[in-house]
Amino acid sequence: MAESDVSKYRMVVIGGSAGSLDVILRIVSEARQLTHVAFVIIVHRSKSADSILADLLSTQTPLLVKEVEDKESIMPGIVYIAPPDYHLLLENERTFSLDASEKINYSRPSIDVTFESAADIFGPALVGIVLSGANADGALGLSAIAAAGGYTIVQEPVTAEVDFMPRQAINMTRVDAILEGEEIGGFLEVLLKKA
Amino acid sequence: MKHVEANNVRDEELDLLLDELFRTYGYDFTNYARASLKRRVNRLMIIDRFPSFAELLYRLRQDPAYLPRIVEELTVNVTEMFRDPTMFKTLREQVLPVLATHPFIRIWHAGCATGEEVYSMAILLEEANLLHKSLLYATDLNPSAIENIRKGVFPLSEMKQYSENYILSGGKNEFSKYYTAKYNWAKFDDRLKSKMIISTHNLVSDRSFNEFVLIFCRNVLIYFDRHLQDKVLDLFDESLEKLGFLVLGSKENIRFSGIARKFKQLENKERIWRKVM
Ligand SMILES: C[S@@+](CC[C@H](N)C(=O)[O-])C[C@H]1O[C@@H](n2cnc3c(N)ncnc32)[C@H](O)[C@@H]1O
């Protein structure tokens, strides 16, 4: 694919909590063509649910799905999942790092933490998505993405199983697109395919 | 629409701070993972109410008494007892039986923060009837963290979680038999502490000080860059006797380091390696 055929976006970060799993599965399954961006997924879940999420996602996509390990490389065409009980950060455009510091918004991993870090590194080349959830996590992070020139998407609260998280995000940020859960995958394909 | 205060420390500012810490005080954080360090500095500026980065730097230059506070806040001290219970279960089942054959068991907990990990190990050793012939070296960079190991006191509010972890680790006793509750604190039995040697040790600048059969260094390497990780893993290799064990945090690995070829991971995928060469 020639350079000019792809959009400027290089990473998509997706944050979800209660009620977000189906939407995440759907987005990932529809993103199979998008091999020129890295996907990063942060979901709140219990420690014991360890690798189940990666297994579930793997059944939906030919893309490689990985739970991030310390100092893992960032590569396009891979779906990365924040491991339970760690915050996921970006060192630079090539490398993740993990951090086991205090919970933020009662959460570790925290969506805000990863969004802010990714905004810092990828700026306008980042797409951030906030999905269903009962927590305010993600709202501040999404505004950091907007402030750094990235593209922001929030799940239409009415279509979210739990609308609190998307509502918080919309209240705090000038969001670029508010979309039904089912539309997000197709929308990304258009947004990320062409310049 | 609310606006977020973007008072984030910049790269050049972080460099200034690290430089000051190194030149004036000898603490070398330059090969730490930067994303995490930046968050720590931002956090410190909020909780200690510095209006700007310049104020923080000025305080450090003028007030040496502020240094311990910076060191404490730049590093992450979050820990728990029997963190990753299945790893402790593996220790019970696969490592302790090997240690039992040794006349003397020397263990190093590097970067053990406030001591939860060391007390967990002391409990394991006692239950295997090995504590009497063991020595646990508990070290951390942070002087105030290790002070807590001497006290052996942890928040009572955590005991429910710790007791669940303990049971998942294969513990058979009533967890509460190991401590006495007083106000909001759980004071652990002094006999667990009797075999601990507690000291500061900086993995960046201090050297190997003994030979061990088991070394723990969990959730410390994630804060280092690859280069420093390599250096510290060499230090562990140097400090570990042949056929000794190295335990890392649940997302840490020696795979990319120079010592990888000398070590073999236990088969059940827990982060325990044995030094085979
Ligand atoms: C997150 S705690 C880990 C505690 C425990 N090992 C665990 O896994 O629960 C990290 C600890 O590493 C210590 N540390 C950071 N840099 C260090 C260094 N250069 N030398 C020794 N300890 C260090 C910090 O002070 C902190 O107490």
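On a predicted model such as this, the values are computed, not experimentally measured, just so you know. A, B, ... follow the sequence lines: proteins, then strands. Residue 1 opens every chain.
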Asks: Checking heavy atoms, do the side chain of B:Asn77, its backbone, both or neither come under 4.5 Å from chain A?
Replies: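 Nothing of B:Asn77, per the 4.5 Å heavy-atom cut-off to chain A.
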Asks: Assess whether side-chain hydrogen bond (donor to acceptor under 3.5 Å, both in side chains) is satisfied between A:Glu116 and B:Asn8, documenting all intermediate values.
Replies: CA-CA 10 Å; A:Glu116 283 164 13; B:Asn8 286 346; over 6 Å; no
Asks: Between A:Glu72 and B:Arg255, is there a salt bridge with N-O shorter than 4.0 Å?
Replies: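 Not counted as a salt bridge, because no side-chain N and carboxylate O are separated by less than 4.0 Å.
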Asks: Does any heavy atom of chain A fall under 4.5 Å from the side chain of B:Leu221, the backbone, both, or neither of them?
Replies: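 Just its backbone gets close to chain A.
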Asks: Could you tell me which portion of B:Ser250 (side chain, backbone, both or neither) has an atom closer than 4.5 angstrom to a non-hydrogen atom of chain A?
Replies: both
Asks: Given heavy-atom pairs under 4.5 angstrom as the criterion, report whether the side chain, backbone, both or neither of A:Ser101 touches chain B.
Replies: both
Asks: With a 4.5 Å heavy-atom cut-off, do A:Glu69 and B:Ile222 have their side chains touching?
Replies: no
Asks: Between OG of A:Ser73 and CZ of B:Phe256, what distance do you get to the nearest 0.5 Å?
Replies: 7.0 Å
Asks: Contact part of A:Leu88 toward chain B, heavy-atom cut-off under 4.5 Å: side chain, backbone, both or neither?
Replies: neither
Asks: Does any backbone or side-chain atom of A:Asn92 lie under 4.5 Å from a heavy atom of chain B? Answer side chain, backbone, both or neither.
Replies: neither
Asks: Highest number of heavy-atom pairs under 4.5 Å with chain B: which of A:Asp99, A:Asp120, A:Ile121, A:Leu89?
Replies: A:Asp99
Asks: Considering residues, nucleotides and ligands other than B:Glu267, do more than 12 of their heavy atoms fall under 6.0 Å from its CD?
Replies: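 Incorrect, the count does not exceed 12.
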Asks: Out of B:Glu252, B:Arg39, B:Arg34, B:Gln229, which one racks up the most heavy-atom pairs below 4.5 Å with chain A?
Replies: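 Heavy-atom pairs under 4.5 Å are most numerous for B:Arg39.
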Asks: Going by heavy atoms in the side chains, are A:Arg108 and B:Val78 under 4.5 Å from each other?
Replies: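 With C-beta onward as the side chain, the pair touches.
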Asks: Test: salt bridge (Lys or Arg N to Asp or Glu O under 4.0 Å). Region: residues 89-98 of chain A. Which pairs qualify, not counting sequence neighbours?
Replies: A:Arg10-A:Glu93
Asks: Where does A:Leu98 contact chain B at under 4.5 Å (heavy atoms): side chain, backbone, both or neither?
Replies: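 Both the backbone and the side chain of A:Leu98 come within 4.5 Å of chain B.
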Asks: Go through the atoms of A:Val113 and report whether side chain, backbone, both or neither lie under 4.5 Å from a heavy atom of chain B.
Replies: side chain
Asks: For B:Phe224, is there any backbone N or O sitting under 3.5 Å from a side-chain donor or acceptor partner on A:Lys71?
Replies: yes
